[in-house]
Amino acid sequence: MSVPAGSPSLTADSPLVRAARGLPTPHTPVWFMRQAGRSLPEYRAVREGIAMLDSCRRPDLVAEITMQPVRRHGVDAAIFFSDIVVPVAAAGLAIEIVPGVGPVVAEPIRTWADLHRLPELTADAIPDIAESVGLLVAELGSTPLIGFAGAPFTLASYLVEGGPSRNHLKTKALMHGDPDLWNALCARLAQISRTFLEVQIRAGASAVQLFDSWAGALSLADYETFVRPHSASVLSAVGELGVPRIHFGVGTGELLSSMSTAGADVIGVDYRVALPDAIERTGKSFAVQGNLDPALLFAPWEATERAVRRILAEGRAAPGHIFNLGHGVLPETDPDVLTRVVALVHEASAA
Ligand SMILES: Cc1c2[nH]c(c1CCC(=O)O)Cc1[nH]c(c(CCC(=O)O)c1C)Cc1[nH]c(c(CCC(=O)O)c1C)Cc1[nH]c(c(C)c1CCC(=O)O)C2
C-alpha cells in the first residue's frame, strides 16, 4: 500500500499531529467538533437552498465550508466537511438528512434481505471525496486536515432505528436477538467506513477521527461483545496508512478504558468526564482530546476562561493534549466566543 505524497510531510510537524503522537508542541493545538456549520453566518449563506447530502458531494462547496472556520478562528486543524452517512448513501442506501432532525432512513435495515440494500463501498464511487480533500490539502498547506467516519455502532443505530433515537431499542433488540445479522451489518458498515477513511487519507488527510457518538448508550459488556471488534477492525485497517487516529463518543465515561483498546492513538473525551479521570482510565498512555462543555460557550467570559485554563492544566498530565469541546458546537453559539477560545488556548498554553 502506498502512502500519498500529499500533506503528511508538510503537516508532520504541526502541533496537532505532534500532540496526537505524544510529542511536545509549542502550544496546545485546538479545533472544534462541528466547527463548520450553522454557528457561522457564512456557512448558512453558502448552504442556502442546497440539501445537506448534496452539499457534501460538491468539491468546491466542501472546500469552502471546510475552510470557513479555519480562516475565521485560526484553529490548528480543519475537519473535512461531510457527514457520517455520506459513505452509506454513496454505497447505495436510500437515506437523507432532515434539517433539525438528522439522518433518516425510510426503509430501515432489520433483516438479511434489508442488508442487501447496503452494498459495499468502493473508492471509485466517491471520486468527489478525493477531489475535495485534494483541493483542501493544497489550500491548507501546513495546517492538517482531519478526515472522519462514523463507527459501525453509531451508523447501525441510524440504519436500524430509521432515524435518531434516544434509547436505541430496535438496535439493541437486533444485536441480542440476531447476533449473526448484527455482526454482518456491522462488518458491512466497517468496510464502508474504512473505505471512506482510506480515500480521505490517500488524498492527503493528516489524521482521522472515528466517531462512535452514541456508544455511551451501551453497557460495557455489550460494547465489548457487539461493538468494539467492529470499531477495532476499522482502526487497525487505517492504521496501516500511518496517520494518527482519534476515537470519540458521547457519555463514554464507563467505556473509556475499553474504548482505548480499540486501536486509536488519541482518545476523545466527552465533557461529562473530568480530564484527569479520563487520563487515569486510559492508563496515562494515550493523547487525549477535549473537553470543554459546549454550553460553557454561552456563559459569561470569565467562566469560559476559567474552564479553558483548567482543561489546559489538566491536559498536561497526558502524553499529548488536543483542546476541543466535549461534543459539537451548538448552532446558537456566538462564533466570536470560539475565536476568543482559540486565542486563549494558544496564548495560555505557550506561556
Ligand atoms: C452523529 C453524527 C452525525 N453526523 C456526524 C456525527 C458524529 C458527530 C457528533 O457526534 O455530532 C458527523 C459530522 N457531521 C458534520 C460534520 C462536519 C464537520 C464538522 O465537525 O465541522 C461531522 C464531523 C456536518 C453536519 N451534519 C449535519 C449538519 C447540519 C445540517 C445543516 O447545516 O443543515 C452538519 C453541519 C446533519 C446531521 N448529521 C447527523 C446529525 C445528528 C445531524 C444534525 C441534524 C440537525 O441538527 O439538523 C449525524
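Counting starts at 1 for both ligands and their atoms, in listed order. Just so you know, these numbers use all the heavy atoms, side chains as well, and skip hydrogens, waters and symmetry mates.
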Checklist entry - In the protein, which heavy atom is nearest to atom 33 (O) of ligand 1, and how far is it? => result R47 NH1, 3.2 Å
Next on the checklist: Measuring from non-hydrogen atoms of Y43 to any atom of ligand 1, is the shortest distance under 4.0 Å?
Outcome noted: yes
Please list, one pair per line, the donor and acceptor atoms closer than 3.5 Å that link side chains of residues 84-104 to other protein atoms, with sequence neighbours excluded.
none

Next on the checklist: Counting non-hydrogen protein atoms only, what is the nearest one to atom 22 (C) of ligand 1? Give residue, atom name and distance.
Outcome noted: F148 CZ, 3.6 Å
Checklist entry - With atoms numbered from 1 as shown, which atoms in ligand 1 lie under 4.0 angstrom from a non-hydrogen atom of F211? => result 7 (C), 8 (C), 23 (C)
Next on the checklist: Checking the N or O distance criterion of under 3.5 Å, is ligand 1 in contact with A36?
Outcome noted: yes
Checklist entry - So which protein heavy atom does atom 41 (C) of ligand 1 come closest to, and at what separation? => result Y158 OH, 3.6 Å
Next on the checklist: Below the 3.5 angstrom mark, is there an N/O of T154, backbone or side chain, next to an N/O of ligand 1?
Outcome noted: no
Checklist entry - Which is closest to atom 38 (N) of ligand 1 in terms of heavy atoms, D83, L155, I84? => result D83
Item to check | Heavy atom of the protein closest to atom 17 (C) of ligand 1 (residue, atom name, distance) | outcome: S82 O, 3.7 Å
Checklist entry - Should the ring pair H27 and H346 be called parallel, tilted or perpendicular, given that the plane angle runs from 0 to 90° and is split at 30 and 60? => result tilted
Checklist outcome for this item: Heavy-atom proximity to atom 40 (C) of ligand 1, picking from R34, R44, M52, points to R34
Checklist entry - Which residue and non-hydrogen atom of the protein lie closest to atom 36 (C) of ligand 1, and at what distance in Å? => result I97 CG2, 3.6 Å
Item to check | atom 11 (O) of ligand 1: nearest protein contact (heavy atom, Å) | outcome: H327 NE2, 3.1 Å
Going by atom type alone, with no hydrogens or angles, which donor-acceptor pairs under 3.5 Å involve a side-chain atom of residues 147-155 and a protein atom two or more places apart or on another chain?
{"residue": "T154", "atom": "OG1", "partner": "D212", "partner atom": "OD1", "Å": "2.6"}
{"residue": "T154", "atom": "OG1", "partner": "S213", "partner atom": "N", "Å": "3.0"}
{"residue": "T154", "atom": "OG1", "partner": "W214", "partner atom": "N", "Å": "3.0"}

Checklist entry - When you measure from atom 10 (O) of ligand 1 to every protein heavy atom, which one gives the shortest distance, and what is it? => result S213 OG, 2.4 Å
Checklist entry - Should G100 be counted as touching ligand 1, given the test is an N or O pair under 3.5 Å? => result yes
Next on the checklist: Counting non-hydrogen protein atoms only, what is the nearest one to atom 18 (C) of ligand 1? Give residue, atom name and distance.
Outcome noted: F80 O, 3.6 Å
